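In what follows, a structure is listed as structure tokens, so that the remarks can point back to it.
Positions are given from 1, in the same order as the sequence printed here. Only a predicted model underlies this, so the values are computations on that prediction, with no experimental measurement involved.
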Amino acid sequence: MPRFTEFDFGVSWVMHFFHQDWTYEGDTAADVVAKHLAESADEESLAVRRDALILGNLPSPTLEVLWEAGSQYMPSFERLGGGAEWTRTVVGLCDARLSANPEVRPLTGADTEDGTACLDAVLAEIEGASFLAAEVRAALTDCARRCTPEVAFRTLLRAISCAPDASLSVEQYTRLEAIGSVLQYGEYVVDYVRYLVEQ
């Protein structure tokens with residue numbers, strides 16, 4: 001396993017926190033993220049921080065579309081100060097978590113892969129996910145071009161899992177698996193959406 005985890009990671013992992021019962025885990029969205037970071041390895045906080053910094057290249061409305069697409073019950077952005085402010089908050093939470101350990105080692109090897117070689121393949125899968133709203137596909141495309149294809153791909157997987165009318169053909173899922181293999185993902189990153197494959 002080339003990466004530090006077999007499972008989802010980074011900002012797409014954080015998106016997973018915001019489910020129907022997220023308020024049982026903290027009074028605020030920031031509390032929930034801080035709780036999970038405190039319980040995780042250094043590498044997880046590093047990956048989240050990296051993703052959130054990269055996403056800072058996007059305008060606030062685009063970030064809001066991405067966060068909402070990848071979460072089942074994202075809190076109101078009016079309370080969070082907007083998409084850009086919330087993304088900066090996530091960076092700050094990671095900084096606070098990492099400051100507790102002065103010997104944090106940076107991510108290396110496969111964990112630094114940005115997926116540049118997969119750009120065209122990622123863009124094609126975004127476009128092919130016709131069950132996603134047009135604004136979601138546009139935001140994912142912006143993310144792939146202005147951030148990294150790798151972050152966009154994980155966010156696409158989250159958006160697929162949260163979309164109410166999502167379904168995948170065997171061919172689509174096979175292509176997603178192929179991209180995940182090139183990105184050296186662990187076993188369960190792409191597998192998370194396997195249940196949507198049409199039988």
Practice task
Could you list the residues that satisfy ring-ring contact (aromatic ring centres under 6.0 Å, His included) with Phe17, not counting sequence neighbours?
Solution key: Trp13, His36

Exercise for the section: Answer yes or no: is there a donor N or O on one side and an acceptor on the other, between the side chain of Ser71 and the main chain of Phe18, under 3.5 Å? Expected result: no

Exercise for the section: Taking ring-ring contact (aromatic ring centres under 6.0 Å, His included) as the test, write out the residues that go with Tyr188, two or more places apart. Expected result: Phe7

Problem - OG1 on Thr62 to CG on Leu55, rounded to 0.5 Å - result: 10.5 Å

Exercise for the section: Examine Val197 and Val190 and state if one hydrophobic cluster contains both, with Ile, Leu, Val, Met, Phe, Trp and Tyr joined whenever side-chain heavy atoms are less than 4.5 Å apart. Expected result: yes

Handout entry: Working for side chain to side chain contact (heavy atoms under 4.5 Å, CB included), residues Val48 and Val33
Key = CA-CA 10 Å; Val48 173; Val33 175; 5.7 Å; no

Exercise for the section: Could you name each residue pair satisfying salt bridge (charged side-chain N to carboxylate O under 4.0 Å, His left out) that touches residues 26-38, not counting sequence neighbours? Expected result: Lys35-Glu39

Exercise for the section: Find the distance between CG (Leu156) and CD (Glu125) and round it off to the nearest 0.5 Å. Expected result: 7.5 Å

Handout entry: Pairwise distance CD(Glu44) to CG(Asp8) - rounded to 0.5 angstrom
Key = 8.0 Å

Exercise for the section: Begin from the C-alpha positions of Leu140 and Leu132 and carry the test side chain to side chain contact (heavy atoms under 4.5 Å, CB included) through to its verdict. Expected result: CA-CA 10 Å; Leu140 287 165; Leu132 296 177; 4.0 Å; yes

Practice task
State, with a plain yes or no, whether a side-chain heavy atom of Thr155 is found less than 4.5 Å away from one of Met15.
Solution key: yes

Practice task
For Glu43 and Arg105, run salt bridge (charged side-chain N to carboxylate O under 4.0 Å, His left out): C-alpha distance rounded to whole Å, both residues' side-chain angles, the deciding distance at 0.1 Å, then the answer.
Solution key: CA-CA 8 Å; Glu43 292 90 345; Arg105 296 181 180 180; over 6 Å; no

Practice task
Give a yes or no answer on whether the side chain of Arg3 reaches the backbone of Leu183 with a donor-acceptor pair at less than 3.5 Å.
Solution key: yes

Problem - Glu198 and Ser169 side chains, donor-acceptor separation under 3.5 Å - result: no

Exercise for the section: Only pairs at least two apart or in different chains count here, so list each ring pair (Phe, Tyr, Trp, His ring centres under 6.0 Å) that has a residue in residues 95-133. Expected result: none

Completion exercise
So CD of Glu68 and CE of Met74: to nearest 0.5 Å the spacing works out to 8.0 Å

Handout entry: Cluster overlap Tyr195 with Leu168, hydrophobic side-chain contacts below 4.5 Å
Key = yes

Practice task
Determine the minimum heavy-atom distance between Gln72 and Gln20, stating which atoms define it.
Solution key: OE1-N, 4.3 Å

Exercise for the section: Using atom types as modelled and distance alone, determine if a side-chain donor or acceptor of Asp111 lies under 3.5 Å from a backbone N or O of Phe4. Expected result: yes

Handout entry: Polar side-chain atom of Ser130 near backbone of Glu127 as donor-acceptor pair, under 3.5 Å
Key = no

Practice task
Verify, without hydrogens or angle tests, whether Ser40 (side chain) and Leu37 (backbone) share a donor-acceptor contact under 3.5 angstrom.
Solution key: yes

Handout entry: Any side-chain heavy-atom pair of Ser167 and Leu196 under 4.5 Å
Key = no

Problem - Closest approach of Cys94 to Ser45 (non-hydrogen atoms, all atoms of both residues) - result: SG-O, 3.5 Å

Handout entry: Euclidean distance, Asp51 CG relative to Leu53 CG, rounded to 0.5 Å
Key = 9.0 Å

Problem - Connected via hydrophobic side-chain network under 4.5 Å: Phe77 and Val65 - result: yes

Exercise for the section: Examine Tyr73 and Leu63 and state if one hydrophobic cluster contains both, with Ile, Leu, Val, Met, Phe, Trp and Tyr joined whenever side-chain heavy atoms are less than 4.5 Å apart. Expected result: yes

Practice task
Work out which heavy atom in Ala29 is nearest to a heavy atom in Trp22; give both atom names and the distance.
Solution key: N-CZ3, 3.6 Å

Exercise for the section: Please confirm whether the backbone N or O of Gly83 pairs with a side-chain atom of Glu64, one donor and one acceptor, at under 3.5 Å? Expected result: yes

Practice task
Supply the atom-to-atom distance Thr112 OG1 to Gln184 CD, rounded to the nearest 0.5 angstrom.
Solution key: 9.0 Å

Show the atom names and distances, to 0.1 Å, of all donor-acceptor pairs under 3.5 Å that link a side chain in residues 141-151 to residues at least two apart or in another chain.
residue : atom : partner : partner atom : Å
Thr141  : OG1  : Arg137  : O            : 2.9
Arg146  : NH2  : Asn57   : O            : 3.0
Thr148  : OG1  : Val151  : N            : 3.1
Glu150  : OE1  : Arg154  : NH2          : 2.8
Glu150  : OE2  : Arg154  : NE           : 2.5
Glu150  : OE2  : Arg154  : NH2          : 3.4
Glu150  : OE2  : Tyr185  : OH           : 2.6

Fill in the blank from the handout: In short, side-chain hydrogen bond (donor to acceptor under 3.5 Å, both in side chains) pairs touching residues 77-95 with sequence neighbours left out are Arg49-Asp95, Trp67-Thr87, Glu85-Arg88

Handout entry: Candidate pair Val182 and Cys118, rule side chain to side chain contact (heavy atoms under 4.5 Å, CB included), full reasoning
Key = CA-CA 8 Å; Val182 172; Cys118 296; 3.4 Å; yes

Exercise for the section: Taking the side chain as every heavy atom from C-beta outward, state whether Arg97 and Asp42 have any atom pair closer than 4.5 Å. Expected result: yes

Exercise for the section: Group every Ile, Leu, Val, Met, Phe, Trp and Tyr by side-chain heavy-atom contacts under 4.5 Å, then state whether Tyr192 and Ile160 land in the same group. Expected result: yes

